[in-house]
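These notes are about the structure you will find just below.
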Amino acid sequence: MLAVHFGAGNIGRGFIGSLLYQAGFQTCFVDVNSEIVNLLNEKQEYRVILADTSQEELLVKNVRAINSQSEPNKVVDAIAQADLVTTAVGPNILPFISGLIAEGLRKRVQSNDKPLNIIACENMIGGSTFLKEKVYEKVSEEERKLFDPCFGFPDAAVDRIVPNQTNEDKLMVRVEPFYEWAVDQTKIIGEKPRVTGITFVDDLKPYIERKLYTVNTGHAVAAYLGYYAGIKTINEVMEKHEMKTLVEKTLQETGLLLVQKYNFDMDTHKEYIVKILSRFSNPYISDEVIRVGRSPIRKLSPNDRLISPARQYVEVVKEQPIYLAKAIAAAFIYDYQGDEEAVELQNKIKSQGLEATIYEYTQLTKESALVDLIIHQFILLREFILD
Ligand SMILES: NC(=O)C1=CN([C@@H]2O[C@H](COP(=O)(O)OP(=O)(O)OC[C@H]3O[C@@H](n4cnc5c(N)ncnc54)[C@H](O)[C@@H]3O)[C@@H](O)[C@H]2O)C=CC1
Ligand SMILES: O=P(O)(O)OC[C@H]1O[C@](O)(CO)[C@@H](O)[C@@H]1O
């Protein structure tokens, strides 16, 4: 069985690649990083190490890689023969890989009638659906009709913390033990991929919202408030009582929203929050706030981990989400110069003011009470008032 996986980075190698190997797939990674591509082809294996007391090691074998910039035709051929296609490249990169996927599917319908599923494993709601839209923009109406019965784009939620890391062995990747990979089975075409570790669900929305508004919201709060306070890593943020409390209070807000929206059991959800907080404090992982806070414009977009739960909190809980607003304000303050989106955001605030910048990136409107709340929290943070 052949899996083609776009993105041989942290989550690609550390999570998806390791599960595919354990399920018996040969994995062909597709990436633009020639150093990683060459190493994968040279070694054909790499190590995944669990970041806990056990330091357990898994040798992931049966892997190869293609550089999509220099050998796009090989990617097209691999997709034409694949049994599964997955991605972990980042939401902003999906449009850039859609052309090659379209080419691959175009070639495949001519020679291979086996159904194929393409699963985007990104931190976003509707990632595979978005990828499908981008692929379908590149093919004709006639081809779309041919593709529809053959190719599924089931959405997915993936959860495993794999920080940036510099290891002597450049292929090795250190990952937290916990993982969750949920896939919308209603959108699968043909057989479900036989990968132990995937949970197939009929309704992905509760899974992905629970994960995005707990793991990713909590992480983003720790990252932006941590950066604001001059702290370097997430576990250092969690060691500061005042900071940890702010993360917890934000997760109480998203928790209340999730419990009311999906009828989750409150006690079970509280336990879920405790588990997530303990993952952030994992002493075996050093995760920089600038990785977790990367791409603030994406993280401040309407359907992402900050604005979406804040907006829904107002609608569902009918109160003001003070701590979410504080985290959003901290994201608007985030000015790390090594992050293009942070630089763009700060330039926008300088040139057009905070209020107009909020409207532009969050798509909140003048009618939303959230805007004033965010501005208020922004002013408090600017005056060094954290709580
Ligand atoms: N690291 C983590 O803990 C988790 C990450 N994710 C999601 O997984 C995705 C990837 O994240 P990471 O692995 O952390 O990032 P990463 O930066 O480590 O990996 C991304 C990989 O994609 C490659 N890439 C970039 N442009 C490409 C292109 N045009 N074609 C093929 N490959 C390309 C990069 O060279 C890199 O190897 C993101 O959507 C992230 O939100 C989801 C859950 C956990
Ligand atoms: O990968 P993104 O969307 O930039 O956000 C970083 C977040 O994603 C993760 O990498 C994986 O869930 C978390 O560590 C963090 O919450």
Side-chain angles (χ1 to χ4, degrees), residues 4-17 28-37 39-40 51 65-72 75 78 85-101 119-125 127-128 130-131 134 156-166 170-171 173-176 178-182 208 211-224 226 233-235 237 247 251 276 279-280 282 285-301 303-306 327 331 339 341-342:
V4 173
H5 176 84
F6 285 79
N10 294 322
I11 211 71
R13 272 176 293 133
F15 181 18
I16 311 300
C28 174
F29 287 98
V30 177
D31 207 297
V32 291
N33 180 332
S34 48
E35 187 184 19
I36 293 292
V37 167
L39 278 169
L40 282 166
I66 303 173
N67 186 326
S68 50
Q69 275 170 336
S70 54
E71 299 184 302
V75 181
V85 173
T86 50
T87 79
V89 288
N92 298 342
I93 303 292
L94 290 176
F96 298 104
I97 64 169
S98 61
L100 263 186
I101 296 181
I119 309 178
C121 305
E122 317 285 351
N123 273 339
M124 70 188 287
I125 290 177
S128 308
F130 173 69
L131 178 59
K134 294 290 146 197
V158 286
D159 186 9
R160 175 172 239 181
I161 297 174
V162 189
N164 283 339
Q165 42 202 288
T166 330
K170 295 216 165 114
L171 290 181
V173 53
R174 198 175 288 279
V175 305
E176 69 163 338
F178 178 91
Y179 65 80
E180 188 174 73
W181 183 1
I208 193 146
K211 182 254 167 182
L212 199 67
Y213 304 158
T214 315
V215 186
N216 299 121
T217 302
H219 236 174
V221 178
Y224 293 127
T233 65
I234 298 294
N235 41 14
V237 173
V247 178
L251 295 191
I276 302 305
R279 290 171 59 202
F280 294 169
N282 183 346
I285 280 186
S286 175
D287 206 357
E288 289 186 304
V289 294
I290 53 169
R291 179 195 84 83
V292 178
R294 66 185 169 191
S295 314
I297 291 178
R298 170 168 57 88
K299 292 191 167 97
L300 284 165
S301 63
N303 295 320
D304 214 283
R305 65 209 74 186
L306 295 170
D339 188 315
E341 291 192 14

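For this chain, numbers begin at 1 and follow the sequence in order. All of these numbers come straight from a predicted model, not from anything done at the bench. Atoms within each ligand, like the ligands themselves, are counted from 1 in listed order.
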[atom]: which of [options] has the nearest heavy atom?
{"atom": "atom 19 (O) of ligand 1", "options": "Ala120, Gly9, Ser68", "value": "Gly9"}
{"atom": "atom 20 (C) of ligand 1", "options": "Gly127, Ala88, Gly90, Gly14", "value": "Ala88"}
{"atom": "atom 12 (O) of ligand 2", "options": "Val215, Asn216, Leu212", "value": "Asn216"}

Ligand-residue contact atoms, ligand 1 with [X], heavy atoms, under 4.0 Å:
{"X": "Val158", "result": "42 (C), 43 (C)"}
{"X": "Val89", "result": "22 (O), 32 (N), 33 (C)"}
{"X": "Ile161", "result": "3 (O)"}

Next on the checklist: Looking at Asp31 and Arg13, is any side-chain nitrogen of the basic one under 4.0 Å from a carboxylate oxygen of the acidic one?
Outcome noted: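 Looking at Asp31 together with Arg13, the answer is no, because their closest N to O distance does not fall below 4.0 Å.
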Item to check | Residues Glu35, Lys170: salt bridge by 4.0 Å N-O rule | outcome: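 Yes.
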To the nearest 0.5 angstrom, please state how far the [atom1] atom of [X] sits from the [atom2] atom of [Y].
{"X": "Ile125", "Y": "Tyr213", "atom1": "CD1", "atom2": "OH", "answer": "3.5 Å"}
{"X": "Leu212", "Y": "Asn303", "atom1": "CG", "atom2": "CG", "answer": "9.5 Å"}
{"X": "Phe6", "Y": "Ile66", "atom1": "CZ", "atom2": "CD1", "answer": "8.5 Å"}
{"X": "Glu122", "Y": "Ile93", "atom1": "CD", "atom2": "CD1", "answer": "9.0 Å"}
{"X": "Ile276", "Y": "Ile161", "atom1": "CD1", "atom2": "CD1", "answer": "7.5 Å"}

Checklist entry - For ligand 2, is any non-hydrogen atom under 4.0 Å from Arg298's backbone (N, CA, C, O), its side chain (CB onward), both, or neither? => result side chain
Among protein heavy atoms, which lies nearest [atom], and at what distance?
{"atom": "atom 14 (O) of ligand 2", "result": "Arg291 NH2, 2.6 Å"}
{"atom": "atom 18 (O) of ligand 1", "result": "Asn10 N, 2.9 Å"}
{"atom": "atom 5 (O) of ligand 2", "result": "Arg305 NH1, 3.0 Å"}
{"atom": "atom 8 (O) of ligand 2", "result": "Asn123 ND2, 2.5 Å"}

Is it the case that ligand 1 has an N or O less than 3.5 angstrom from some N or O of [X]?
{"X": "Glu122", "value": "yes"}
{"X": "Val162", "value": "yes"}
{"X": "Phe6", "value": "no"}
{"X": "Asp159", "value": "no"}

Considering only heavy atoms, does [X] approach ligand 1 within less than 4.0 Å through its side chain, its backbone, both, or neither?
{"X": "Glu180", "result": "neither"}
{"X": "Arg160", "result": "backbone"}
{"X": "Asn123", "result": "both"}
{"X": "Arg13", "result": "neither"}
{"X": "Ile97", "result": "side chain"}
{"X": "Val30", "result": "backbone"}

Student check: side-chain heavy atoms of [X] and [Y] closer than 4.5 Å:
{"X": "Ser98", "Y": "Leu131", "result": "yes"}
{"X": "Ser68", "Y": "Leu100", "result": "yes"}
{"X": "Val89", "Y": "Leu94", "result": "yes"}
{"X": "Ile290", "Y": "Asp339", "result": "no"}
{"X": "Ile36", "Y": "Leu171", "result": "yes"}
{"X": "Val30", "Y": "Ile97", "result": "no"}

Item to check | Numbered atoms and elements of ligand 2 in range of Arg294, under 4.0 angstrom, heavy atoms | outcome: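 So the answer, numbered in order with elements, is 1 (O), 2 (P), 4 (O).
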Item to check | Numbered atoms of ligand 2 (with element) below 4.0 Å of His219, judged on heavy atoms | outcome: 13 (C), 14 (O), 15 (C), 16 (O)
Next on the checklist: Please check: side-chain N/O of Lys211 versus main-chain N/O of Val158, any donor-acceptor pairing under 3.5 Å?
Outcome noted: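 The answer is yes, because a donor-acceptor pair under 3.5 Å joins these two groups.
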Next on the checklist: Could you check whether any side-chain N or O of Glu176 sits under 3.5 Å from a backbone N or O of Ile285, counting only pairs where one atom can act as donor and the other as acceptor?
Outcome noted: no
Checklist entry - Looking only at heavy atoms of Lys299, does any of them come nearer than 4.0 Å to an atom of ligand 2? => result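 Distance cut 4.0 Å: Lys299 passes for ligand 2.
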Checklist entry - What is the ring orientation for Phe280 with His219, classed by angle as parallel under 30°, tilted 30 to 60°, or perpendicular over 60°? => result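 Aromatic pair Phe280/His219 classed parallel.
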Check if [X] has a non-hydrogen atom at a distance under 4.0 Å from any atom of ligand 1.
{"X": "Arg294", "answer": "yes"}
{"X": "Gln69", "answer": "no"}
{"X": "Pro163", "answer": "no"}

